[in-house]
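Nothing fancy with the numbering, it's 1 onward along the sequence. Because the structure is a prediction, the values reported are computed rather than measured.
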Amino acid sequence: MQNITILGATGSIGKSTIDVLIRHPELFSVFALTANSNIELLLQQAQLCSPKYVVIADPNQFKHAKKLFSDHHQLSCEVLAGDEALELVASAPEVDIVMAAIVGAAGLLPTLAAVKAGKKVLLANKESLVMSGDLFIQAANQHNAQILPIDSEHNAIFQCLPADFKYGELCSSGISKILLTGSGGPFLTSPLSDLHLVTPDQACAHPNWDMGRKISVDSATMMNKGLEFIEAKWLFGLESSDIQVVLHPQSIIHSMVQYLDGSVLAQMGNPDMRTPIAHALAFPDRIESGVSPLDFNQLANFTFTEPEADRYPNLILAMQASSAGQYATTTLNAANEVAVDAFLQGKIGFMQIAQVNEECLQQTSPHNLDTIEAVIESDNFARRLSMDVIRNLSQPFIQRVGS
Ligand code: NAD
Ligand code: MG
């Protein structure tokens with residue numbers, strides 16, 4: 001029986017994780033569930049999973065959460081709140097597995113706490129690698145943490161690599177290239193001239209995947225693929241030239257590994273995050289996930305194209321930031337979080353997300369990020385900068401839409 005903590009239990013990945021776990025009560029028991037503020041859902045999840053602890057990240061919700069949970073006498077879990085509590089339940093000695101599924105930079109410290117405690121870490125929070133890849137991988141090695149990728153592309157690559165693959169050693173493993181696939185999002189074929197009119201709801205309506213709003217917008221701008229490009233470099237020790245981004249709008253192939261002899265291994269499946277979650281939970285065994293099997297008689301066709309640079313400026317920015325170094329990827333990640341939030345609130349237009357990101361990168365000088373404190377300071381600086389850039393955009397968004 002393995003004990004698991006789910007960081008970000010109330011999100012899209014968190015809910016899928018619970019769906020897989022409850023199919024296997026003989027294999028897994030839940031130690032802790034965490035949420036930012038959705039106490040009602042957290043309560044329902046606690047009734048289903050009987051955790052020892054629940055954590056509300058937002059301390060302002062603590063009283064409300066305590067009251068709600070104490071009204072339900074049959075629940076014996078303890079209610080905690082705040083950032084320290086997140087780190088506590090990620091690193092407690094009783095915990096075997098941590099699902100790192102908080103969205104954004106907020107996931108960094110609790111995920112790192114799990115890594116430093118030598119846990120089996122199921123990594124959905126790609127932002128922690130984008131912000132602090134070098135420190136993160138060092139910590140994993142030093143503390144013997146096992147990092148298993150949940151992002152469907154990285155999980156696919158992991159499954160297609162040889163079992164004895166050594167970090168960064170592509171050539172000696174007979175590998176020529178990693179093919180990172182992406183759907184291209186909802187605006188793959190929209191006229192470029194219409195993209196500035198895209199609304200938050202349109203951007204969040206992904207054709208194949210059902211995800212949280214931040215990653216949905218990132219998928220529409222392909223910043224998500226850019227973050228995944230950086231994530232792949234850190235996870236597998238790759239150079240930029242080792243990775244090719246390929247658009248595959250059907251989202252059935254989740255990524256591929258090309259070998260020197262011309263073989264290409266692809267991992268396929270229906271686009272449902274319960275597959276990579278079940279894979280990582282049970283690794284190296286296999287368990288049932290609830291995902292329906294692929295029906296090849298129903299698959300019409302597979303297509304592949306190259307992403308267009310002027311449709312996806314965020315993808316290009318992320319690749320450039322990745323070459324510039326850790327300061328640039330941390331800056332880009334923070335600037336983008338602020339810009340996406342502003343877009344979701346209707347304050348900036350869809351194509352202005354990339355404009356804000358680019359201006360933030362241009363206004364940031366190279367600096368060293370050799371401690372986690374430096375990473376957090378750099379993240380904070382980039383957030384303030386991004387807010388300034390948004391305030392100073394040459395024309396307010398509303399006027400642009402009307403013009
Ligand atoms: P989501 O928005 O649906 O859920 C986010 C979770 O994080 C929620 O439980 C929320 O309560 C919690 N949270 C938000 N802000 C927080 C804060 N400040 N402090 C503590 N907790 C906080 O997001 P999601 O789509 O589940 O994505 C989660 C992570 O997984 C992201 O890093 C995303 O990039 C990654 N990911 C998601 C998918 C997907 O299909 N949804 C696929 C691949 C990777
Ligand atoms: Mg992905």
Side-chain angles (χ1 to χ4, degrees), residues 5-9 11-14 17 34 36 55 57 83-84 86-91 95 97-143 145-155 158 167 211-212 214-215 218 223-238 273 276-277 280 318 321-322 325-338 340 369-380 382-383:
T5 283
I6 307 178
L7 301 170
S12 162
I13 294 284
T17 305
T34 86
N36 190 34
V55 181
D83 295 340
E84 277 179 23
L86 290 176
E87 293 187 36
L88 194 83
V89 297
S91 58
V95 174
I97 304 175
V98 175
M99 166 56 81
I102 290 174
V103 62
L108 173 63
L109 291 179
T111 305
L112 208 53
V115 169
K116 288 184 176 166
K119 304 299 184 197
K120 171 171 167 176
V121 178
L122 313 194
L123 188 69
N125 178 255
K126 65 193 88 186
E127 295 89 343
S128 48
L129 271 181
V130 171
M131 292 172 74
S132 73
D134 203 7
L135 293 166
F136 191 98
I137 297 296
Q138 274 178 38
N141 289 337
Q142 194 181 340
H143 300 279
Q146 185 184 22
I147 311 292
L148 291 169
I150 291 299
D151 221 338
S152 57
E153 296 76 4
H154 305 74
N155 184 272
F158 180 75
Y167 192 77
M211 307 180 286
K214 194 262 176 184
I215 185 176
D218 283 349
M223 173 56 87
N224 184 50
K225 209 51 53 189
L227 299 178
E228 290 180 356
F229 181 90
I230 301 163
E231 181 186 15
K233 284 177 73 175
W234 286 116
L235 272 175
F236 306 113
L238 309 177
M273 290 307 291
I277 290 168
S322 175
Q326 194 78 79
Y327 87 90
T329 59
T330 302
T331 298
L332 181 62
N333 181 65
N336 182 63
E337 274 189 37
V338 172
V340 169
L369 295 185
D370 41 18
T371 62
I372 213 65
E373 291 74 21
V375 170
I376 289 165
E377 202 180 308
S378 181
D379 173 87
N380 285 333
R383 278 167 204 275

Do E337 side-chain atoms and A105 backbone N/O form a donor-acceptor pair below 3.5 Å?
yes

On a heavy-atom basis, which atom in S91 and which in A113 lie closest, and how many Å separate them?
CB-O, 3.8 Å

Flag if over 12 foreign heavy atoms under 6.0 Å of CD, E84:
no

Rounded to the nearest 0.5 angstrom, the NZ-CG distance for K126 and D151 is 3.5 Å

Between OG1 of T330 and CD of E377, what distance do you get to the nearest 0.5 Å?
12.0 Å

Does N333 reach the side chain of T329, with side-chain heavy atoms less than 4.5 Å apart?
no

Evaluate I376 against L109 for side chain to side chain contact (heavy atoms under 4.5 Å, CB included), listing each step before the verdict.
CA-CA 10 Å; I376 289 165; L109 291 179; 3.9 Å; yes

Side chain to side chain contact (heavy atoms under 4.5 Å, CB included) assessment of S12 paired with M273:
CA-CA 9 Å; S12 162; M273 290 307 291; 5.8 Å; no

For V95, does its backbone N or O pair with a side-chain atom of K119 as donor and acceptor, under 3.5 Å?
yes

Return yes when atom CG of D370 has more than 12 non-hydrogen atoms of other residues, nucleotides or ligands closer than 6.0 Å, and no otherwise.
yes

Test your reading of the model: is there a side-chain donor-acceptor pair from K116 to the backbone of Q142, 3.5 Å cut-off?
no

Start with the C-alpha gap between V103 and I215, add the side-chain angles, then the distance that decides, and say whether side chain to side chain contact (heavy atoms under 4.5 Å, CB included) holds.
CA-CA 8 Å; V103 62; I215 185 176; 5.8 Å; no

Rounded distance [0.5 Å steps], CG in N125 versus CG in L108
7.5 Å

Separation between CZ (F236) and NE2 (H154), nearest 0.5 Å, reads 6.5 Å

Looking only at heavy atoms, which two atoms of L7 and L86 are closest? And how far apart?
CD2-O, 4.0 Å

What heavy-atom pair brings G133 and Q326 nearest, and what distance separates the two atoms?
N-OE1, 3.2 Å

Least distance between heavy atoms, S128 atom then L123 atom
OG-CD1, 3.8 Å

Side chain N36, main chain A57, donor-acceptor under 3.5 Å:
no

Could you tell me which non-hydrogen atom of A321 sits nearest to which non-hydrogen atom of L332, and how far apart they are?
CB-CD2, 4.0 Å

For the atom pair CD (E228) and NZ (K233), what is the distance rounded to the nearest 0.5 Å?
15.0 Å

Output, in order, the C-alpha distance, side-chain angles, deciding distance and verdict of salt bridge (charged side-chain N to carboxylate O under 4.0 Å, His left out) for E127 and K214.
CA-CA 12 Å; E127 295 89 343; K214 194 262 176 184; 3.5 Å; yes

For A318 and I230, which heavy atoms make the closest approach, and how far apart are they?
O-CD1, 3.8 Å

Are the side chain of D379 and the backbone of T331 linked by a donor-acceptor contact shorter than 3.5 Å?
no

Would L135 and L369 count as a side chain to side chain contact (heavy atoms under 4.5 Å, CB included) here? Give the steps.
CA-CA 9 Å; L135 293 166; L369 295 185; 5.9 Å; no

Rounded to the nearest 0.5 Å, how far apart are CD1 of I277 and CG of L148?
12.5 Å

Are L235 and F158 side-chain neighbours, meaning at least one heavy-atom pair lies under 4.5 Å?
no

With side chains defined as the heavy atoms from C-beta onward, is the minimum distance between Y167 and I137 less than 4.5 Å?
yes

